[in-house]
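One structure is given here, and the rest of the page talks about it.
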Amino acid sequence: MRKALFILPLLSILVACSSEEPAPVKADSAYRTEITTGMQTSIQAEIDALVVSATAIQAAAPEGPWSVANDAKAIADMKAAYLKARIAYERIEGAVAPLFGDLDTSMDQRYDAFLQNEIPNAEGDANLFDDKGVTGMHAIERVLWAQEIPPSVIAYEKEISKDGKNLYVAARFPLTAPEALEFKTKLCQKFIDDAKSLQKQWKSVALDIDAAYVGLGDLMAEQAEKVDKAATGAEESRYSQKTMADL
């Protein structure tokens, strides 16, 4: 009797399920449209978040010489905003980098790659706070975590050279009001301007799903590179030690 009481409801469920109409099969073109539309919207949301976080870094930046004792909250706020910006960009880099290579370089190039590949004539970058030379997220990160950079990272960067010239400049906080103002109105503003440029241009992009797929493949390869370089102090988020979060 107990078995019958169990089987009868089960049979009714099976009959109900079998009477439902099968879901209509979409054409490949419909799936392609659905995916590209979803990606377009999702990426736009992350770019908007990137702009908000970049602006928040600037808003929190002190206008005078930085002090751990006096500016602890401001530094913590800048770090929190930076990490939000970093997460937003890492989520979309695979799709946007192939389309906006110059902006990707300006916003996300690593310190050593800037010095060796982007800045001509082994000129280096003596000014850590302006909008020339090394720019973008990692330039900001390098300043924010200047007092917490692991020894292995410092050892790696001390060897950065080009054409026989050592290019290393030690990371540090702004020590004067002019330096603090440059960090706020030049380095941070450059990051905001680049993020807003990406925001504006993305709105007019007719997303090519094939290009996005290639970009995602490149992004996966970059994750392997991050792991490999972590052993040498050359990983991407080397100052904040957030490379695993990037992954």
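All values derive from a computational prediction rather than experimental measurement.
In summary, the aromatic rings of W66 and F173 are positioned with their centroids under 6.0 Å apart.
Within a 6.0 Å sphere centred on CD of Q199, heavy atoms belonging to other residues, nucleotides or ligands number more than 12. Shown here is K162, whose NZ atom has more than 12 heavy atoms of other residues, nucleotides or ligands within 6.0 Å.
Summarising the geometry, atom CG belonging to D130 is positioned 7.5 Å from atom CG belonging to L187; distances are rounded to the nearest 0.5 Å. Expressed to the nearest 0.5 Å, how far CE of M137 lies from CG of D194 amounts to 9.5 Å. Here CG of L198 is found 11.0 Å from NZ of K203. Values are rounded to the nearest 0.5 Å. Here the CD-CG distance, from E90 to D108, works out to 6.0 Å after rounding to the nearest 0.5 Å.
Annotation: salt bridge (charged side-chain N to carboxylate O under 4.0 Å, His left out) contacts involving residues 170-181, sequence neighbours excluded, comprise R172-E179.
Without hydrogens or angle criteria, Q58 side chain to K184 main chain gives a donor-acceptor distance under 3.5 Å.
Of the residues L167, D125, T135, the one that meets the side-chain contact (heavy atoms from CB on, under 4.5 Å) test with F114 is T135.
At a threshold of 4.0 Å, the pair E157-R142 counts as salt-bridged, since one of the basic side-chain nitrogens sits closer than that to a carboxylate oxygen.
With 3.5 Å as the limit, one finds a donor-acceptor pair spanning the side chains of S197 and Q201. Defined by atom type and a distance below 3.5 Å, a donor-acceptor pair is present between the side-chain atoms of Y156 and D112.
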Could you tabulate the donor-acceptor pairs under 3.5 Å formed by side-chain atoms of residues 74-83, not counting sequence neighbours?
{"unit_1": "D77", "atom_1": "OD2", "unit_2": "K73", "atom_2": "NZ", "d": "2.7"}
{"unit_1": "K79", "atom_1": "NZ", "unit_2": "E148", "atom_2": "OE2", "d": "2.3"}
{"unit_1": "Y82", "atom_1": "OH", "unit_2": "E141", "atom_2": "OE1", "d": "3.2"}

